[in-house]
Amino acid sequence: MNLANTAFVLVASILVLFMTPGLAFFYGGLVSEKNVVNTMLSVFIMTGMAILLWVFVGYSLSFSGDVAGVIGNLREAFFHGVRLSTLTTGQIPVGAYALFQMMFAIITPALFVGAVVGRIRFKFLLLFLVGWSLLLYYPLVHLVWSPVGWLAHWGVLDFAGGTVVHINAGVTALVLSAWLGPRLKSNTGNPHYNLPWVLLGTAILWIGWYGFNAGSALAVNDVALQAALTSTVATATAMVVWMGLDIWRHGKPTLVGVCTGTLCGLVGITPGAGYVTIMGAVAIGAIATLTSYVFVTRIKPRLGIDDALDAFGCHGVSGIVGSVLVGVFATKTVNPVVTTNGLLYGGGGRLLGIQVGATLFTIVLVAAGVSLLVWGLRQVCPMRVDIAEEEAGLDLGEHGERVDSTVARQAQLAAFRPEQERFEPEFRGQLQHLTPHDATRSGLHGH
């Protein structure tokens, strides 16, 4: 066992796990006050569900055996027969690698939650997670990251999850949104619950992403260092580009915009973090953010698909751009795994063609798989909450909880307001003779 590499992968695994509560804060801060609990719980529950699924069947279907280069088998289900101390890449134990991959199985489904918040039944979401993991996530892991996977044999480069994680989750978000339908008009345009949470979540995601990208080197080496540097530079570029676009379009920068741009940079660099130069990372961060910005502000409104928190606009679009641009900016001078240089480094169009083909394959596979899965689940379980529950908010309807006492008091005041408006003349007549001192003592001053 290489102790340095093993410790590095263990720390990286913890950082990737840290991303999921960070995402819960990011999404929870963006939604309206009546859907905060539901949103954060929908993200965080993926932790428990995905871990159990990974232990029961996920690891085996991803890395045990091979069926046509598409999926593994169930020979190592429940980790039966797995020798966790056996050494693998970089002289790390199989157990450390399995733990690292487990964390990816958690964060990936959590990403598409942002598209369907405020209207999907919690029970349906859990059933969908199980089916989606079996039908799409584990096969994609095997296709791309298993040494015997079909896309791996084809020469696809995906350093830390462009196809497996971000295109997969992004396209899932878009298709789920299309099946689910738009939010009620009364629920669109509501203010974000807590912008400091959005910044907190973004910061946690950025920190965790070093485990995500640098950790994918699976060793303390030059590639890990390169992945950390490119991730940092691409993210900074994307943050500044989105801010500049906001200033150009609206005349002022926004915190939500800066945080969204940061996320696009992290997503965009993920497929090529260990394959591109630092200046290549600058280009990828800028191009990915520009593309996501155009989609979110120009194209999405014309599609008529209500992706509530732009899960596809950020993860899907930036993931697609980042995956394709590996074929342009990858170079063997950074990583010897790159056997054919990208277009910009004299490798011709071969790698670019492979990356475009893999990206299109992933989009079609995920869109078809999600549609089939949703259609099947809708036969046995309602997908969307009823209108009354959606209007009141899923925090109370699905979980019987409010995000805090302030929200509960606001709900009570909202319920009382019609009576107040009905008897407004009487209230006004009774209160007009009160002095300011009397009003203060009565608890009515200022209302």
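Because the structure is a prediction, the values reported are computed rather than measured.
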Polar contact flag, side-chain donor to acceptor under 3.5 angstrom, Y193-D404: yes

Contacts satisfying side chain to side chain donor-acceptor pair (under 3.5 Å) that involve residues 57-70 (not counting sequence neighbours) are S64-N73, D66-H142

* **D395 side chain vs R402 backbone, donor-acceptor pair below 3.5 Å** => no

Taking A273's backbone N and O only, do any of them form a donor-acceptor pair with N213's side chain (distance below 3.5 Å, no angle check)?
no

| request: Please assess V130 against L134 for the test side chain to side chain contact (heavy atoms under 4.5 Å, CB included), listing each intermediate value before the final yes or no. | output: CA-CA 6 Å; V130 175; L134 296 171; 4.2 Å; yes

Correct closest heavy-atom pair for A160 and F212 would be O-CE2, 3.2 Å

In this structure, SG of C381 is separated from CG of L125 (nearest 0.5 Å) by 10.5 Å

As a quick check of understanding, evaluate side chain to side chain contact (heavy atoms under 4.5 Å, CB included) for I107 and L23, giving each step before the final call. CA-CA 9 Å; I107 188 64; L23 186 69; 4.1 Å; yes

By ring-ring contact (aromatic ring centres under 6.0 Å, His included), F44 pairs with (sequence neighbours left out) none

Here the side chain to side chain donor-acceptor pair (under 3.5 Å) pairs for residues 278-289, sequence neighbours left out, are none

Checking V233, V334, T230 against T277 for side-chain contact (heavy atoms from CB on, under 4.5 Å), the one that qualifies is V334

OG of S133 to CG of L53, rounded to nearest 0.5 Å, is 5.5 Å

By side chain to side chain contact (heavy atoms under 4.5 Å, CB included), A228 pairs with (sequence neighbours left out) Y210, A214

In short, T237 meets V282 closest at the heavy-atom pair CG2-O, 3.4 Å

Check: V117 and L309 side chains under 4.5 Å, non-hydrogen atoms:
yes

Requested in this report: Check the pair W179, L377 against side chain to side chain contact (heavy atoms under 4.5 Å, CB included), reporting the backbone distance first and the verdict last.
Outcome: CA-CA 12 Å; W179 276 90; L377 288 177; over 6 Å; no

Looking only at heavy atoms, the pair that brings M243 and V258 closest together is CB-CG2, 4.0 Å

Interatomic distance, CD@Q355 vs CD1@I320, rounded to 0.5 Å, equals 13.0 Å

- Would you find more than 12 non-hydrogen atoms of other residues, nucleotides or ligands less than 6.0 Å from F79 atom CZ? yes

Enumerate, atom names and distances included, each donor-acceptor pair closer than 3.5 Å involving a side-chain atom of residues 194-205, sequence neighbours excluded.
residue: N194; atom: OD1; partner: W197; partner atom: N; Å: 3.1
residue: T202; atom: OG1; partner: V198; partner atom: O; Å: 2.7

When the ring centroid of F63 is compared with that of W145, is the distance short of 6.0 Å? no

L10 vs T6 side-chain heavy atoms within contact, under 4.5 Å:
yes

For residues 351-383, the ring-ring contact (aromatic ring centres under 6.0 Å, His included) pairs (sequence neighbours left out) are W150-F361

Distance-only donor-acceptor pairs under 3.5 Å for side chains of residues 87-104, two or more places apart:
residue: Y97; atom: OH; partner: Q101; partner atom: NE2; Å: 3.2

Residues passing the side chain to side chain contact (heavy atoms under 4.5 Å, CB included) test with T297, sequence neighbours excluded, are R249, Y293

> Do the two ring centres, one from F295 and one from F312, sit under 6.0 Å apart?
Replying inline: yes

* Inspect the contact between E390 and R384 and indicate whether a charged nitrogen and a carboxylate oxygen are less than 4.0 angstrom apart. => yes

**Request:** Taking the side chain as every heavy atom from C-beta outward, state whether L15 and I207 have any pair of such atoms under 4.5 Å apart.
**Result:** yes

So side chain to side chain donor-acceptor pair (under 3.5 Å) across residues 36-58, not counting sequence neighbours, yields N38-H399

Under 3.5 Å, side chain of K332 to main-chain N/O of V338, donor-acceptor pair present? no

Residues passing the ring-ring contact (aromatic ring centres under 6.0 Å, His included) test with F8, sequence neighbours excluded, are none

Exactly one of T359, D158, T362 clears side-chain hydrogen bond (donor to acceptor under 3.5 Å, both in side chains) with S323, and that residue is T359

Quick one about D306 and S177 (side-chain donor to acceptor, distance below 3.5 Å, no hydrogens or angles considered), yes or no?
no

- [ ] Before giving the answer on side chain to side chain donor-acceptor pair (under 3.5 Å), spell out for K34 and N187 the whole-Å C-alpha distance, their side-chain angles and the decisive distance to 0.1 Å.
- [x] CA-CA 10 Å; K34 58 187 179 181; N187 284 349; 2.8 Å; yes

Residues at least two apart in sequence or cross-chain that pass ring-ring contact (aromatic ring centres under 6.0 Å, His included) with H315, listed by chain then number, are H166

Practice item. Find out whether V370 and L136 are in side-chain contact, i.e. whether some heavy atom of one side chain is under 4.5 Å from a heavy atom of the other. Key: yes

**Q.** Flag side-chain contact, heavy atom, 4.5 Å: N335 against Q226
**A.** no

d(F159 CZ, I269 CD1) to nearest 0.5 Å is 10.5 Å

To the nearest 0.5 Å, atom CZ of F26 lies from atom SG of C259 at 6.5 Å

Residues 104-125 vs side chain to side chain donor-acceptor pair (under 3.5 Å), sequence neighbours excluded, gives none

Closest non-hydrogen contact found for A311 with Y27 is CB-OH, 4.2 Å

d(L174 CG, L176 CG) to nearest 0.5 Å is 9.5 Å

Heavy-atom check, side chain of W242 versus side chain of L290, under 4.5 Å: no

Heavy-atom closest pair (V164 atom, L140 atom, distance to 0.1 Å) is CG2-O, 3.7 Å

Test item: N190 side-chain N/O and S32 main-chain N/O as donor-acceptor pair under 3.5 Å: no

**Message:** Please determine whether a side-chain nitrogen of the Lys or Arg among D310 and K300 lies less than 4.0 Å from a carboxylate oxygen of the Asp or Glu.
**Reply:** yes

Does the side chain of V374 reach to within under 4.5 Å of the side chain of R378, using non-hydrogen atoms? yes

G313 and S292 have their tightest heavy-atom pair at O-OG, 2.8 Å

Surrounding NE2 of H80 (heavy atoms of other residues, nucleotides or ligands, distance under 6.0 Å), is the total greater than 12? no

Q. Does some side-chain heavy atom of V328 sit less than 4.5 Å from a side-chain heavy atom of L352?
A. yes

query = Do T172 and W132 have side-chain N/O donor and acceptor atoms under 3.5 Å apart?
reply = yes

Exercise. Would I363 and I167 count as a side chain to side chain contact (heavy atoms under 4.5 Å, CB included) if you check the C-alpha gap in whole Å, the side-chain angles of each, and the deciding distance to 0.1 Å?
Worked result: CA-CA 7 Å; I363 292 171; I167 298 176; 3.9 Å; yes

